[in-house]
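For the numbers below, each heavy atom of this structure counts, side chains included, while hydrogens, waters and symmetry mates do not.
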Amino acid sequence: MRHHEHEPSIATACVCHALAVRAAPLWPIVKASGRGRATKSTQPADPERPLPPSLPSPHPLPLCPVRSPSQASPRAASSSPSPSGSAAMRTFHAASASFLAPPAPHLHLPPVAPALRGGLSAKVPVPAAVASRSRSCFPPSRRASRRRRCSRAASSGAAATVTSADDAKKDVLIALSQIIDPDFGTDIVSCGFVKDLEISDALDKVSFRLELTTPACPIKDEFEQKANEVVAALPWVKKVEVTMSAQTAQPVYGGELPEGLQKISNIIAVSSCKGGVGKSTVAVNLAYTLAGMGARVGIFDADVFGPSLPTMVSPENRLLVMNPESRAILPTEYLGVKMVSFGFAGQGRAIMRGPMVSGVINQLLTTTDWGELDYLVIDMPPGTGDIHLTLCQVAPLTAAVIVTTPQKLAFIDVAKGVRMFSKLKVPCVAVVENMCYFDADGKRYYPFGQGSGTQVVQQFGIPHLFDLPIRPTLSASGDTGIPEVVADPQGDVAKTFQNLGVCVVQQCAKIRQQVSTAVSYDRSIRAIRVKVPDSDEEFLLHPATVRRNDRSAQSVDEWTGEQKIQYSDVPDDIEPEEIRPMGNYAVSITWPDGFSQIAPYDQLEMLERLVDAPRAATPAVASS
């Protein structure tokens with residue numbers, strides 16, 4: 001993020017937003033770009049007509065936080081390997097933003113400028129002549145006393161305006177809007193984190209709840225501290241009570257999921273497509289790291305021919321049990337983490353062909369009663385065969401973590417796995433390079449060479465790289481049944497997995513937010529807004545255009561390619577009833593006639609786009 005010496009405050013954003021509301025044209029012009037063609041609306045925008053004050057501004061100003069070099073985010077990782085013997089993480093992206101937007105410097109405003117509620121000073125540009133007159137009229141001592149009187153007047157004015165609970169709630173929300181979520185880049189009020197806001201009858205006590213996206217949020221303590229500080233700073237507040245909570249575990253995808261997967265928020269695949277590189281070690285230690293951060297976690301061992309989970313953990317119950325009533329598989333549990341493996345099925349060795357293996361994997365994964373989980377870590381088997389395709393089709397994978405070793409031979413197979421996930425629209429969020437180095441005699445040695453992990457990062461654009469050293473304790477933990485992060489939670493290896501866990505939590509939150517807002521219907525302009533994940537471009541589509549270009553079997557004959565649905569069959573004023581995400585690649589759109597259309601992002605990018613948004617009869621809030 002680019003650093004500026006002076007940054008607009010919250011008040012500035014409010015003032016500029018109000019000015020933009022009065023000066024902006026009624027309907028924004030959205031330029032068409034990319035592969036789609038642009039179409040002109042039948043109702044062009046009128047640039048001379050001002051926007052009514054009741055409508056929102058088409059050009060909202062984002063609240064950009066500023067961070068000084070000393071305000072390092074607790075989630076930011078080191079940018080270079082540690083010179084000591086500790087395991088290190090390398091990252092190839094900009095550091096996260098700070099959590100609290102800094103206040104604007106004091107300016108001498110004209111006497112007619114009203115004070116904002118809460119004592120926030122508005123940072124409005126002052127002409128040089130006005131500033132010069134201000135300096136000449138008030139000597140330094142008098143200017144200082146004037147500033148003190150203005151500050152006291154603003155504080156007393158803010159306290160006097162709190163005459164009702166509604167005004168008090170507005171003050172609290174304005175104060176909390178200064179706290180910026182570094183993952184989403186917006187304030188916690190806009191993110192919808194503030195819940196159950198209550199004001200006492202005496203208008204002096206405030207209580208509210210911050211509902212985060214995951215209980216494993218690595219900065220939940222910072223959120224709680226900042227929320228207490230900014231609300232307690234209000235002049236009328238005497239007591240603040242903040243309660244922290246997390247959203248209920250539920251998938252972001254709207255498709256018909258198997259019953260066992262309907263209460264799982266994120267599914268993480270740990271893969272390498274190469275055997276013997278340490279996938280199971282990374283998967284198990286990552287799962288227990290996430291559990292240590294406060295999340296509800298499960299592990300699924302997807303390797304039928306060589307299951308590793310029974311060796312790497314030591315649960316008391318080593319056999320899977322089926323519920324006789326629901327016919328659901330009950331997972332075994334070890335140190336609070338649920339787990340399922342074919343090795344716990346009591347069937348001995350698996351001697352079966354590919355289709356049978358896919359059926360076993362499907363049954364173990366989808367018929368297990370996982371309950372509510374924040375993260376399900378899947379230990380993928382080697383290769384890119386039927387099992388991988390089955391898992392990617394059955395389970396809506398949120399993200400993938402790639403494991404490799406420094407050898408070139410490992411990179412060749414890992415590259416195949418990354419390409420497979422790319423085709424299946426599963427984002428790879430991190431690379432773990434195992435067995436990188438060891439330290440001896442004050443020096444660091446790389447017995448297997450260097451560069452494989454870095455090559456994966458650079459060639460495929462994966463933002464995070466983590467190095468794991470050669471450690472006898474890490475190898476022994478896989479044989480003793482106690483994960484390394486559990487046996488030595490303060491060790492160097494545990495710190496690396498802690499950084500990996502923070503990265504997974506951050507990236508999953510970003511992916512869920514991008515997917516949930518990728519496609520929405522804006523009723524105020526009667527257009528579908530599309531912003532494909534990992535793209536900065538947003539464009540508009542006419543609903544009728546989307547409906548007429550459906551490519552499913554109900555609209556197009558699969559044998560002849562003949563279009564079944566005709567142009568006149570779809571009315572021009574059709575509107576979608578519901579839009580739900582379908583994984584990382586498509587959305588499901590429900591139309592008034594009951595038809596459910598699956599619209600891939602690639603297809604939406606090819607459709608004709610709107611240049612001028614059509615005008616709505618009555619303004620309404622955008623819905624999705």
When you compare the side chain of Tyr288 with that of Val297, does any pair of heavy atoms fall below 4.5 Å? no
Residues Gln507 and Val429: closest non-hydrogen pair is CB-CG1, 3.7 Å
When every non-hydrogen atom of Phe466 is compared with those of Ala430, the smallest separation belongs to CE1-CB, 3.8 Å
Would you confirm whether Gln178, through its side chain, and Ala175, through its main-chain N or O, come within 3.5 Å as a donor-acceptor pair?
-> yes
query = Hey, mind stepping through Ser596 and Trp591 against side chain to side chain contact (heavy atoms under 4.5 Å, CB included) and telling me if it holds?
reply = CA-CA 6 Å; Ser596 181; Trp591 299 100; over 6 Å; no
Does any N or O in the side chain of Gln597 come within less than 3.5 Å of the main-chain N or O of Val546, such that one atom is a donor and the other an acceptor? yes
Worksheet entry | CD/Glu333: more than 12 non-hydrogen atoms of other groups inside 6.0 Å | yes
Tightest non-hydrogen contact, residues Ala295 and Pro215, listed as CA-CG, 4.0 Å
Would you say Thr496 and Asn499 are linked by a side-chain donor-acceptor pair, where the criterion is simply a distance under 3.5 Å? no
**OP:** Please step through side chain to side chain contact (heavy atoms under 4.5 Å, CB included) for the pair Thr186 and Cys191, ending with a clear verdict.
**Re:** CA-CA 7 Å; Thr186 186; Cys191 290; 3.2 Å; yes
Practice item. Give a yes or no on this: more than 12 heavy atoms of other residues, nucleotides or ligands lie within 6.0 Å of atom NZ of Lys220. Key: yes
Check your understanding: Can you find a pair of side-chain heavy atoms, one from Leu335 and one from Val486, that are under 4.5 Å apart?
Key -> yes
One should read off an interatomic distance between Ile528 CD1 and Ile589 CD1, to the nearest 0.5 angstrom, of 5.0 Å
For Phe539 and Leu604, the nearest pair of non-hydrogen atoms, with its separation, is CE1-O, 3.8 Å
Interatomic distance, SG@Cys217 vs CD@Gln506, rounded to 0.5 Å, equals 8.5 Å
The reported gap from NE2 in His542 to CG in Asp573 (rounded to nearest 0.5 angstrom) is 8.5 Å
Donor-acceptor contacts, no H, no angles, side chain residues 238-246, under 3.5 Å, sequence neighbours left out:
from   : atom 1 : to     : atom 2 : distance (Å)
Lys239 : NZ     : Glu241 : OE2    : 3.4
Ser245 : OG     : Arg209 : NH1    : 2.9

inquiry  = Pairing donors with acceptors under 3.5 angstrom, does anything connect the side chains of Thr214 and Tyr375?
reply    = yes
To the nearest 0.5 Å, atom CD1 of Ile199 lies from atom OG of Ser207 at 7.0 Å
Can you confirm whether Glu224 sits close enough to Leu210 that some side-chain heavy atom of one is under 4.5 Å from a side-chain heavy atom of the other? no
Tell me yes or no: between the side chains of Asn285 and Thr289, is some donor less than 3.5 Å from an acceptor?
no
CA sep, side-chain torsions, deciding dist, call: Phe193, Asp187, side chain to side chain contact (heavy atoms under 4.5 Å, CB included): CA-CA 9 Å; Phe193 292 170; Asp187 62 275; over 6 Å; no
Taken to the nearest 0.5 Å, the spacing of Lys263 NZ from Arg296 CZ works out to 10.5 Å
Keeping the roles fixed (side chain from Thr398, backbone from Ile267), state whether a donor-acceptor pair exists under 3.5 Å. yes
**Item:** Side-chain heavy-atom pair Ile268, Val504 within 4.5 angstrom cut-off
**Value:** yes
Heavy-atom donor-acceptor pair, Arg512 side chain to Ser265 backbone, under 3.5 Å: yes
Smallest heavy-atom separation, Ile299 atom then Leu376 atom, equals N-CD1, 4.0 Å
Next on the checklist: In the structure I gave you, are the side-chain heavy atoms of Leu541 and Val530 within less than 4.5 Å of one another anywhere?
Outcome noted: yes
Do Glu575 and Arg523 have side chains that approach each other closer than 4.5 Å (heavy atoms only, starting at C-beta)? yes
Do Leu197 and Val206 make a side-chain contact, defined as non-hydrogen atoms from C-beta onward lying under 4.5 Å apart? yes
Closest non-hydrogen contact found for Ala509 with Thr213 is CB-OG1, 4.3 Å
CG of Asp181 to CD1 of Ile219, rounded to nearest 0.5 Å, is 5.5 Å
Exercise. Under the side chain to side chain contact (heavy atoms under 4.5 Å, CB included) criterion, do Ile579 and Ser520 qualify, and how do the steps go?
Worked result: CA-CA 7 Å; Ile579 299 179; Ser520 62; 5.6 Å; no
Salt bridge check, Arg529 against Glu538: does any charged N sit closer than 4.0 Å to a carboxylate O?
yes
*Backbone N/O of Asp374 and side chain of Asn266: donor-acceptor pair under 3.5 Å*: yes
- Task: Go through the side-chain N and O atoms of Ser524 and Asp522 and say whether any donor and acceptor fall under 3.5 Å apart.
- Result: yes
